[in-house]
Colleague: 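Below is a structure I'd like to ask you about.
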Amino acid sequence: MIRDLVRSRIQEALLRLAQAGVPEAASFPPPEVSDTRQAEHGDYASNVALLNAKAAGHPPRALAERLAAELASAPEFEAVEVAGPGFLNFRLRPEVVAGFVGEILARGERLAESRHESPQRINVEFVSVNPNGPITVGSGRGAAFGSALCNVLEAAGHQVHREYYINDGVNSEQMRLFAESVRALILGEPLPEGGYKGDYVQAVADRVAEILSRPLEPAAAETRRDLEAEADPWRRHVLRRRLETLARVEAQRSSAPDARSCARALTNEDLKLLCESLMIERQRDDLRAFAVHFDTWFSEQSLHDAGEVERCLQRLVEAGIADTEPYQTVLKLGKNGEVLETVRVEQPRDDEDDDAPEGEAVQPTLWLRSTRFGDDKDRVLRRRDGRLTYIASDLAYHLDKFNRPPNADRLVTVLGPDHHGYIGRLTAVVAALLRHGEGEEADRRALEEARRRLQVVIFQIVRFVKDGEPAPMRKRDGNIYALIDLIEELGRTMAPEEEPERQRQVGKDVARFFYLMRSHDTHMDFDIDLATRRSDENPVFYVQYAHARICSVLRKASGAGFQPEQAAEEDLRLLGHPKELALVKKVADLPYEARRCADDFGVHRLTTYAVDLARLYHAFYDTCRVLQPENPALTRARLALCQAAALGLRGALGLLGVSAPERM
RNA sequence: GCGCCUGUAGCUCAACGGAUAGAGCAACGGCCUUCUAAGCCGUUGGUUGCGGGUUCGAAUCCCGCCGGGCGCGCCA
């Protein structure tokens with residue numbers, strides 16, 4: 001906002017300079033307007049002269065001097081000075097800064113939003129864990145980051161689609177095992193080897209037993225109603241599949257004497273589908289408690305059922321990108337992705353392969369020649385036994401993301417630290433889909449486009465420290481650390497006297513803020529003891545308290561007959577105290593901060609922004625008394641500033657998915 | 001062996017390639033008869049792992065070492 005003003009003044013000055021003997025000035029890149037580190041350097045600084053001195057053929061200081069001369073006439077500036085090697089330092093007239101309070105209030109709750117010069121439709125896929133367990137504290141980081149990233153992208157003017165990919169393909173060995181573990185628990189039999197343990201598995205088993213003890217018709221009726229109301233073809237497909245499962249299970253159930261014998265009789269497939277839907281329901285609930293929502297829960301299996309995967313493979317075979325020749329290409333890649341060595345590894349023909357499954361029909365392995373698109377080895381699409389790999393689904397899935405309304409321009413996929421090996425193969429997958437034309441040149445162009453349109457974001461590992469020791473997070477040891485447990489634990493500790501619902505909100509706020517405080521690509525320690533020890537050590541509360549304080553002042557003011565909206569332009573001119581002006585500048589920066597975060601995915605900077613803003617408000621509050629009945633004009637102006645600060649805090653917290661309470 | 005991330009104050013971490021590298025926690029000292037003290041003000045703390053390079057300028061970009069985390073399946 002204020003930065004934009006300075007930037008456009010500089011641009012105007014550059015144009016005038018271009019006419020006055022420095023023609024290169026017309027083609028300088030857009031100037032940057034940064035903060036000054038010290039107050040004596042003024043309000044804002046620009047390095048435009050330093051960056052462009054060479055192109056303009058003038059020494060930086062000389063260029064800066066000429067620009068400063070052009071800028072001096074702008075009415076908003078009190079002073080424009082040249083400093084150091086050639087910085088331009090801008091000092092704004094206080095009334096100009098104060099005047100922005102009016103614009104901030106005019107933008108209201110949409111303060112963080114800005115228009116984008118080239119808005120995109122962006123599909124953001126995140127969390128996407130397997131339906132064999134609850135959302136863990138590890139995935140929590142991806143959930144917090146992904147959802148905040150979506151908020152920020154939207155604020156920056158993009159159209160965002162939030163998506164969760166359900167790995168429910170029939171091939172999944174883990175899901176087969178999960179269902180058998182549940183069956184064993186219901187029957188009181190020993191778990192299968194490597195089976196799933198833990199309270200949450202027992203909870204699923206209890207639920208399944210409960211479901212099997214009653215007629216399923218009500219559930220089927222409900223599903224039929226959903227199906228009638230549903231327009232989306234994929235969603236309809238999922239519902240239809242559920243209906244079929246319910247019918248099969250009901251047939252079993254009605255002929256079985258009790259729930260246990262019914263559980264014994266169910267096929268693994270049907271039991272798996274039951275477990276899966278229960279687990280997904282739980283994941284959805286947990287994520288909702290964490291303020292994470294999705295526009296689409298996309299079922300992998302629906303792609304298989306609809307024949308999309310086979311169609312996709314067919315297309316690639318026809319395009320010559322996939323084939324059954326018995327070899328794999330393996331590349332040794334150098335630092336910058338250049339190919340150092342190409343190794344062609346011959347694969348055994350099926351009739352001479354000793355490992356081939358005996359007595360089973362074998363067919364030739366189908367290879368995706370992904371090395372043509374920068375991957376380090378070719379990938380298998382269909383195994384000898386005929387089963388498809390997950391890469392086969394990924395192909396169809398990514399094609400669908402591009403082709404399904406609203407037809408994504410760009411795909412963002414947020415993955416955990418153990419998935420960084422995916423970047424190469426997913427990029428190759430997308431390149432294979434986007435390729436058209438012939439020859440190596442077409443491959444190269446496709447790879448380039450894939451890199452532009454698919455961004456895989458890897459967040460780094462988060463370690464949970466509790467009682468001075470890392471907390472276990474793995475899934476099968478029966479001691480997984482679920483996100484919802486973290487939320488509830490934080491809430492209980494920090495607000496012991498509150499209702500459970502309120503505790504969850506407190507826990508959610510603290511957990512989200514802590515996750516988001518660190519850049520997604522650094523390893524972080526989440527110290528539970530520190531997060532729960534005492535509320536006043538928490539930056540979350542520091543920020544929220546600032547908001548509650550403002551609300552309190554506004555309530556008092558309202559009781560005394562003041563309204564912040566009553567501040568007129570001449571009232572705002574009374575805001576001249578350094579702490580007042582610093583606060584205005586910070587609030588006005590919110591859209592700029594949001595835009596920066598959207599551009600480089602540095603969502604964590606918003607937490608720093610929120611803390612800075614809260615600090616400036618607290619400092620202002622301490623120095624400048626707001627309510628002064630004997631001075632109504634100043635009171636109106638400061639109330640307007642309070643209102644603006646509240647908008648800034650709400651805006652930043654809103655993007656982070658953290659609530660802004662009115663009382664604390 | 002190869003790849004991804006990372007190394008900044010005692011601890012946890014910030015810092016569009018910018019000027020004297022900043023916060024919180026921890027330690028110490030002040031400030032409530034007035035709008036929420038969950039607050040404010042002050043003091044203390046650094047060879048940004050090491051060595052080169054790029055340039056007006058490097059914690060940031062490039063190269064090489066050293067240390068830490070994670071990953072390298074016809075599992076998902």
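All values reported here derive from a predicted model rather than from experimental measurement.
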Colleague: Choose from A76(B), C16(B), C13(B) the nucleotide whose nearest atom is closest to any side-chain atom of N167(A).
Modeller: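 Of the options given, the side chain of N167(A) lies nearest A76(B).
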Colleague: Mind jotting down which residue pairs meet the side-chain hydrogen bond (donor to acceptor under 3.5 Å, both in side chains) criterion with at least one end in residues 602-611 of chain A? Sequence neighbours excluded, please.
Modeller: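 Sorted pair list: D600(A)-R605(A).
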Colleague: Categorize M175(A) for me: base, sugar-phosphate, or nothing, with a 4.0 angstrom heavy-atom threshold over every strand shown.
Modeller: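 Contact class for M175(A): none.
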Colleague: Could you verify whether a donor N or O on one side chain and an acceptor N or O on the other, from Q174(A) and N130(A), lie under 3.5 Å apart?
Modeller: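 Side chains of Q174(A) and N130(A): no pair found under 3.5 Å.
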Colleague: With sequence neighbours excluded, tell me which residues meet side chain to side chain donor-acceptor pair (under 3.5 Å) with S114(A).
Modeller: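 Testing S114(A) for side chain to side chain donor-acceptor pair (under 3.5 Å), a comparison that skips the adjacent residues, returns none.
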Colleague: When the C1' atoms of C63(B) and U54(B) are considered, how many whole Å apart are they?
Modeller: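 It comes out at 11 Å once rounded to the nearest Å.
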Colleague: Using nucleotides 18-20 of chain B, report all nitrogen or oxygen pairs with the protein that are shorter than 3.5 Å.
Modeller:
| residue | atom | partner | partner atom | Å |
| --- | --- | --- | --- | --- |
| G18(B) | N7 | N47(A) | ND2 | 2.8 |
| A19(B) | OP2 | R37(A) | NE | 2.7 |
| A19(B) | OP2 | R37(A) | NH2 | 3.0 |
| A19(B) | N6 | N89(A) | OD1 | 2.8 |
| A19(B) | N1 | N89(A) | OD1 | 3.4 |
| A19(B) | N1 | N89(A) | ND2 | 3.2 |
| U20(B) | O4 | Q38(A) | OE1 | 3.1 |

Colleague: I'd like to compare against my own output: the B/S/- annotation of nucleotides 31-37 of chain B with a strict under-4.0 Å heavy-atom distance to protein.
Modeller: ---BBBS
Colleague: side-chain contact (heavy atoms from CB on, under 4.5 Å) for D589(A) and R3(A)? Distances and angles first, verdict last.
Modeller: CA-CA 8 Å; D589(A) 252 347; R3(A) 267 176 224 278; 2.6 Å; yes
Colleague: Under 3.5 Å, side-chain donor or acceptor atoms of residues 622-629 of chain A against the rest of the protein: list the pairs with distances, not counting sequence neighbours.
Modeller:
| residue | atom | partner | partner atom | Å |
| --- | --- | --- | --- | --- |
| T623(A) | OG1 | K579(A) | NZ | 3.3 |
| T623(A) | OG1 | A619(A) | O | 3.0 |
| R625(A) | NE | L627(A) | O | 3.0 |
| Q628(A) | NE2 | R625(A) | O | 2.9 |

Colleague: Of the nucleotides U12(B), C41(B), C16(B), which one has an atom closest to the side chain of R518(A)?
Modeller: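 My answer, after comparing the listed nucleotides, is U12(B).
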Colleague: Compute whether any side-chain donor of one residue and acceptor of the other, for Q505(A) and S659(A), lie under 3.5 angstrom apart.
Modeller: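 Note: Q505(A) and S659(A) side chains meet the donor-acceptor criterion.
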Colleague: Return whichever of R615(A) or D521(A) has its heavy-atom-nearest nucleotide of RNA chain B closer to the 5' end.
Modeller: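 The residue closer to the strand's 5' end, by nearest nucleotide, is D521(A).
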Colleague: Rounding to an integer number of angstrom, what distance separates C13(B) and G46(B) when you compare their C1' atoms?
Modeller: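 Roughly 15 Å separates the two C1' atoms.
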Colleague: Detail all sub-3.5 Å separations between protein N/O atoms and N/O atoms belonging to nucleotides 67-69 of chain B.
Modeller:
| residue | atom | partner | partner atom | Å |
| --- | --- | --- | --- | --- |
| G68(B) | N2 | H523(A) | NE2 | 2.9 |

Colleague: Above 12 or not: heavy atoms from other molecules or residues under 6.0 Å from CD of E193(A)?
Modeller: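 No, because the 6.0 Å sphere around CD of E193(A) holds 12 heavy atoms or fewer from other groups.
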Colleague: Mind checking the OH-CG spacing from Y397(A) to N167(A)? Nearest 0.5 Å is all I need.
Modeller: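 If I round to the nearest 0.5 Å, the distance is 9.5 Å.
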Colleague: Fill in the dot-bracket string of RNA chain B, one character per base: . for unpaired, | for a pair to another strand, ( ) or [ ] for pairs within the strand, taking Watson-Crick or G-U pairs under 3.5 Å.
Modeller: (((((((..((((....[...)))).(((((.......))))).....(((((..]....))))))))))))....
Colleague: Sequence neighbours excluded, which residues qualify as side chain to side chain donor-acceptor pair (under 3.5 Å) partners of E593(A)?
Modeller: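 With neighbours one apart ignored, the set is empty.
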Colleague: When rounded to the nearest Å, what value does the distance between C1' atoms of G53(B) and G71(B) take?
Modeller: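 One C1' to the other, the span is 31 Å.
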Colleague: Please state the P separation for the pair C28(B) and C16(B) - nearest whole angstrom.
Modeller: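 These two P atoms come out 34 Å apart once rounded.
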Colleague: With sequence neighbours excluded, what pairs up with H547(A) under the ring-ring contact (aromatic ring centres under 6.0 Å, His included) test?
Modeller: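 Listed in chain order: nothing, the list is empty.
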Colleague: Can you name the residues that form a ring-ring contact (aromatic ring centres under 6.0 Å, His included) with Y545(A), not counting sequence neighbours?
Modeller: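 Y545(A): ring-ring contact (aromatic ring centres under 6.0 Å, His included) contacts with H618(A).
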Colleague: Using a 4.0 Å heavy-atom cut-off across all strands, classify Y422(A) as base, sugar-phosphate, or nothing.
Modeller: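 If one applies the 4.0 Å heavy-atom cut-off, Y422(A) turns out to touch a base.
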Colleague: Kindly say if H604(A) contacts the phosphate of A15(B), meaning a side-chain N or O under 4.0 Å from OP1 or OP2.
Modeller: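 Checking A15(B) against H604(A), a side-chain N or O does come within under 4.0 Å of OP1 or OP2.
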Colleague: Under the 6.0 Å and 45° cation-pi test, does R549(A) pair with Y621(A)?
Modeller: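 Judged by the rule (NZ or CZ under 6.0 Å from the ring centre, within 45° of its axis), R549(A) counts as positioned above Y621(A).
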Colleague: Run the side chain to side chain donor-acceptor pair (under 3.5 Å) test against D378(A) and tell me which residues pass, sequence neighbours left out.
Modeller: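 Expected list: T329(A), R369(A), T371(A).
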Colleague: With respect to the phosphate group of C16(B), does any side-chain polar atom (N or O) of R596(A) fall under 4.0 Å of OP1 or OP2?
Modeller: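 Yes.
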Colleague: Looking only at atom C1', what distance separates G57(B) and G18(B), rounded to whole Å?
Modeller: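 7 Å, rounded to whole Å.
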Colleague: Who pairs with H116(A) by ring-ring contact (aromatic ring centres under 6.0 Å, His included), at least two apart in sequence or on another chain?
Modeller: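 Partners of H116(A) by the ring-ring contact (aromatic ring centres under 6.0 Å, His included) criterion, ordered by chain and then number, come out as H158(A).
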Colleague: What distance, rounded to whole Å, do you find between the two P atoms, one in G51(B) and one in C4(B)?
Modeller: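 Here G51(B) and C4(B) have their P atoms 25 Å from each other.
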Colleague: Need one value for P417(A): base, sugar-phosphate or nothing, where a base atom within 4.0 Å counts as base even if backbone is also close, heavy atoms only.
Modeller: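 Since only primed, P, OP1 and OP2 atoms lie under 4.0 Å of P417(A), the category is sugar-phosphate.
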Colleague: As a test of reading the structure: which of C5(B), A23(B), C74(B) is closest to the side chain of R383(A), going by heavy atoms?
Modeller: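 For R383(A), the side-chain atoms sit closest to C74(B).
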Colleague: How far, in whole Å, is U20(B) from C41(B) if one measures between their P atoms?
Modeller: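 So the two P atoms sit 25 Å from each other.
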Colleague: With rounding to whole Å, what would you report as the distance between G7(B) and C61(B) at their P atoms?
Modeller: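 Here G7(B) and C61(B) have their P atoms 10 Å from each other.
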Colleague: Check whether more than 12 heavy atoms from other residues, nucleotides or ligands sit under 6.0 Å from atom CD of E498(A), and answer yes or no.
Modeller: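 Yes.
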